[in-house]
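Notes to accompany the following structure.
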Amino acid sequence: MSNLNAVWQAKKFYITTPIYYVNAKPHIGHAYTTVAADILSRYYKSMRRDVFFLTGTDEHGAKIAEAAEAAGRDPQNFCDTIAGCFQKTWKNLGIDYSRFIRTTDEDHKRAVEIFLNKLKEKDFLYEKDYTGLYCVACEKFLTEKELVGGKCPDHKRLPEAITEQNWFFKLTDFLDEIKNKIETDEILIAPEGAKREVLGLFGQGLEDFSISRQKVKWGIPVPWDKTQTIYVWVEALLNYWTAGQEKEKAKFWPPDLHLIGKDILKFHAIFWPAMLLAYGAELPNKIFVHGYFTIDNQKMSKTLGNVIDPNNLVKKYGADATRYLLMAQFPFGQDGDISEEKLEAIYNADLANGLGNLVARVAKFRVKNQELRIKNQGLEKYDNLMKDLQFYEVLKMILDKVKNCNNLIEQRKPWEIKEEEKQRKSLRDVVSEILAIAKMLKPFMPETANKILYIFKTGKSEILFPRVSSLRGATPKGATKQSH
Ligand code: MSP
């Protein structure tokens, strides 16, 4: 058959975020991962890939049951409220996901049952008495070695000693195979440091893990043993599977990219592929691990009261600027620090005085879109950086272009040129460059990119980034006009 007859089909791209615990409302840590996933999703769509972007909430287990009880609420009802907060936050941030999965969704419960039944049939599950130290906040067992002063190092709380008879998964059957697949990049773990970290874990005695809990009531019952519920991490990982099982979604399996924070690497890089190997499913292609940020050099925590609500950032800066500010702090894949002051300083420097001012001063000269062509210079570098998830570097590159344009205008002083035609001509390449900037910024700041195109198409200018009042958490007030 000739190629001409072949039906053109877009290559698929299945991207996921972790599903977030609903014990509390979303904070900027969750927003960080989700915005990054949205940027990539929009980028791959613009490359004509058929994208499936999955995010959602992790709703079962002791941690959520405890939070619901503390709030005096029924767990399902409590989950509904917080899941709603996540959805609203993503809407405010312009997140365009394909599905928002909740682990209390009926199709998820069914998919998990089918998956685990198969592991049982294939003899990868067995019963065992077990005693261990469990941290409810982590939702995992900790070894004596991991404790600091007898407490969980992350949550500073005493783990509970749990003795139960549980169902165990034969993780150890798959360790050699997984190690090999990670070493050869068949499962690509990036950045390099994360890959090294995972490979290091294989030398530290990984054991079979329990996939059920006797005492936790808020969970999906083990299909063949209703005295137990399924361990929350096992069904959480399976969310990626559930969403890929819907009939028309099956074509998206396997995931092309799991985006995660460094705290949950072991679950994604070792436990998850082992479960899939046991089932006989194809494995994810890539896991990208980004860093964690601190606030004013401290861990973000409710007790410290330094948690930043992304909705407040959107109120103050708008959705696009918030997306920009999150990604422009430090390289994706490294740890970094954020502060309200730094966010505001970057907003003013890069957006209000940088890009916003550039567009405002050039738009005045009414160089029309029709006269222009978008420059393709730098696009190859841009594509490579985007594919490598180097968002920080992409934004630096864009900002350099903004600075360059501003310098050109200073040199050419179009306002001193008398003839209108010559004036416009002196700015033609600058406008082309601005349009290239808009194109590159589009996945990061979709509305702003469209506004820039509109401004140059119609000649109608508008202020892109109003100055913000420096009061903490304040909403934009009386935007001052941007000068040239
Ligand atoms: N429910 C599990 C994930 C299950 S995925 C099958 C969970 N949820 S979580 O609500 O604790 O979210 C953890 C994720 O939130 C991290 O992996 C990371 O993506 C993001 N972050 C949480 N705090 C963060 C920072 N301080 N900095 C950056 N990202 C952070 O773990």
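Residues: numbered from 1 along the sequence shown. Order of appearance sets the numbers: ligands from 1, and atoms from 1 within every ligand.
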Quiz item: So is there a nitrogen or oxygen of Thr33 less than 3.5 Å from a nitrogen or oxygen in ligand 1?
Solution: yes
Practice problem: Return yes if a side-chain donor-acceptor contact under 3.5 Å exists between His30 and Tyr21, otherwise no. | Solution: no
Quiz item: If you measure from each heavy atom of Lys262 to ligand 1, is any distance below 4.0 Å?
Solution: no
Quiz item: N/O to N/O below 3.5 Å, does that happen between Met300 and ligand 1?
Solution: no
Quiz item: Using 30° and 60° as the class limits, which term best fits the ring planes of Phe330 and Phe293: parallel, tilted or perpendicular?
Solution: perpendicular
Quiz item: Which word best sums up how the rings of Tyr14 and Phe52 line up, parallel for under 30°, tilted for 30 to 60°, or perpendicular for over 60°?
Solution: tilted
Exercise. Please write down residue, atom name and distance for the protein heavy atom closest to atom 27 (N) of ligand 1.
Key: Phe293 N, 3.1 Å
Practice problem: Please report which non-hydrogen protein atom sits nearest to atom 2 (C) of ligand 1, along with the residue it belongs to and the distance in Å to one decimal place. | Solution: Ile19 O, 3.5 Å
Quiz item: What part of Asp263, side chain from CB on, backbone N/CA/C/O, both or neither, has a heavy atom under 4.0 Å from ligand 1?
Solution: side chain
Quiz prompt | Which of the ligand 1 atoms, numbered from 1, are nearer than 4.0 Å to a heavy atom of Gly291 | solution = 28 (C)
Quiz prompt | Close side-chain approach of Phe202 and Ile178, heavy atoms under 4.5 Å | solution = yes
Exercise. Looking only at distances, please establish whether an N/O atom of ligand 1 is found under 3.5 Å from an N/O atom of Ala236.
Key: no
Practice problem: Assess Lys12 against Phe252: is NZ or CZ under 6.0 Å from the centre of the six-membered ring, and within 45 degrees of the ring's axis? | Solution: no
Self-check item: Proximal ligand 1 atoms for Asp58, defined as those under 4.0 Å from one of its heavy atoms
Solution: 1 (N), 2 (C), 4 (C)
Quiz item: Where is the nearest protein heavy atom to atom 12 (O) of ligand 1: which residue, which atom, and how far?
Solution: Tyr20 CD2, 3.6 Å
Practice problem: Might you work through the salt bridge (charged side-chain N to carboxylate O under 4.0 Å, His left out) test for Asp107 and Arg99, ending with a clear yes or no? | Solution: CA-CA 13 Å; Asp107 67 334; Arg99 174 171 175 185; 2.9 Å; yes
Exercise. Please state whether the rings of Tyr130 and Phe141 are parallel, tilted or perpendicular, taking 30° and 60° as the class boundaries.
Key: perpendicular
Quiz item: Identify the closest protein heavy atom to atom 22 (C) of ligand 1: which residue and atom is it, and at what distance?
Solution: Tyr292 OH, 3.3 Å
Practice problem: Could you establish whether Lys299 and ligand 1 come within less than 4.0 Å of each other, counting only heavy atoms on the residue side? | Solution: no
Quiz item: Tell me: protein heavy atom nearest atom 7 (C) of ligand 1, and distance?
Solution: Tyr21 CE1, 3.4 Å
Self-check item: Close-contact set for ligand 1 against Pro18 heavy atoms, below 4.0 Å
Solution: 5 (S), 17 (O), 19 (O)
Quiz prompt | Residue-ligand contact His27/ligand 1, heavy atom below 4.0 Å | solution = yes
Quiz item: Heavy atoms, side chains only, cut-off 4.5 Å: are Gln390 and Lys396 in contact?
Solution: no
Quiz item: Is Tyr240 in contact with ligand 1, taking contact as a heavy-atom separation below 4.0 Å?
Solution: yes
Quiz prompt | Sub-4.0 Å heavy-atom contact, Trp233 with ligand 1 | solution = yes
Quiz prompt | Shortest non-hydrogen contact between Ala62 and Glu139, atoms and distance | solution = N-OE2, 3.1 Å
Quiz item: Do the numbers put Lys170 on top of the ring of Phe174, so that NZ or CZ is under 6.0 Å from the six-membered ring centre and no more than 45° off the axis?
Solution: no
Quiz prompt | Minimum heavy-atom distance between Asn23 and Phe78, given as atom pair plus value | solution = O-CZ, 3.9 Å
Quiz item: Short list, please: which atoms of ligand 1 are under 4.0 Å from a heavy atom of Ile264?
Solution: 17 (O), 31 (O)
Quiz item: Does an N or O from Tyr32, backbone or side chain, lie closer than 3.5 Å to an N or O of ligand 1?
Solution: no
Quiz item: With a 4.5 Å heavy-atom cut-off, do Tyr97 and Leu54 have their side chains touching?
Solution: no
